[in-house]
Amino acid sequence: MKAKLGVSALVLLFLGGLWLVAAPFVVGYQPRGAAYADATVNDLWLGGSIAALSFASLVIYAADALRELTRRGKHADT
């Protein structure tokens, strides 16, 4: 149960980070062709950081889960 909650939180953080990156362009507060506004730069840095950290955490969790499954498989054969 705890693992599902943690993975769900990481997925939500990843999606939230992606939204922060896309929001200035989707919502339209960043004019097309203009220099980036301070709010756009902030959203890009913060959203990119959140998305990258949560994605890295998901990859680490998946690698750990695969390692655990492999370990369980080796002990079952002996």
Side-chain angles (χ1 to χ4, degrees):
M1 180 65 177
K2 289 182 182 179
K4 289 181 183 179
L5 184 62
V7 170
S8 299
L10 287 173
V11 168
L12 287 175
L13 277 172
F14 179 69
L15 293 174
L18 290 181
W19 169 250
L20 281 175
V21 170
F25 310 103
V26 173
V27 175
Y29 66 81
Q30 173 59 48
R32 175 174 262 164
Y36 283 172
D38 290 341
T40 301
V41 173
N42 185 41
D43 279 357
L44 292 175
W45 277 106
L46 186 62
S49 299
I50 290 172
L53 286 173
S54 60
F55 183 75
S57 298
L58 282 168
V59 169
I60 291 169
Y61 177 80
D64 187 49
L66 286 174
R67 187 178 315 125
E68 179 67 21
L69 287 174
T70 303
R71 185 185 64 78
R72 286 183 188 177
K74 287 182 181 176
H75 290 293
D77 291 338
T78 57

Legend entry - Sequence neighbours excluded, every pair satisfying salt bridge (charged side-chain N to carboxylate O under 4.0 Å, His left out) that has a member inside residues 23-49: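 Output for this query is empty, none listed.
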
Legend entry - Qualifying salt bridge (charged side-chain N to carboxylate O under 4.0 Å, His left out) pairs, either residue in residues 58-70, two or more places apart: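 Non-adjacent pairs meeting salt bridge (charged side-chain N to carboxylate O under 4.0 Å, His left out): Asp64-Arg67, Glu68-Arg71, Glu68-Arg72.
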
Legend entry - Listed partners of Tyr61 passing ring-ring contact (aromatic ring centres under 6.0 Å, His included), at least two apart: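 Testing Tyr61 for ring-ring contact (aromatic ring centres under 6.0 Å, His included), a comparison that skips the adjacent residues, returns none.
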
Legend entry - Apart from Leu12 itself, residues in the same hydrophobic cluster as defined by side-chain heavy atoms under 4.5 Å: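 Leu12 clusters with nothing; isolated.
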
Inset, instruction - Look at the side-chain heavy atoms of Ile, Leu, Val, Met, Phe, Trp and Tyr, link any pair under 4.5 Å apart, and say whether Ile50 and Leu10 land in one connected group. - result: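 Each belongs to a different hydrophobic cluster.
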
Inset, instruction - Kindly work out whether a path of hydrophobic side-chain contacts (I/L/V/M/F/W/Y, heavy atoms less than 4.5 Å apart) joins Leu46 to Leu13. - result: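 Result: yes, single cluster for both.
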
[X]: side chain to side chain contact (heavy atoms under 4.5 Å, CB included) partners, not counting sequence neighbours:
| X | value |
| --- | --- |
| Trp19 | Ala23, Val26, Val27 |
| Leu53 | none |
| Tyr36 | Phe25, Gln30, Thr40, Val41, Leu44 |

Inset, instruction - For Ser54, enumerate each residue passing the side-chain hydrogen bond (donor to acceptor under 3.5 Å, both in side chains) test, keeping only those at least two apart in sequence or located in another chain. - result: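 Ser54 satisfies side-chain hydrogen bond (donor to acceptor under 3.5 Å, both in side chains) with no other residue.
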
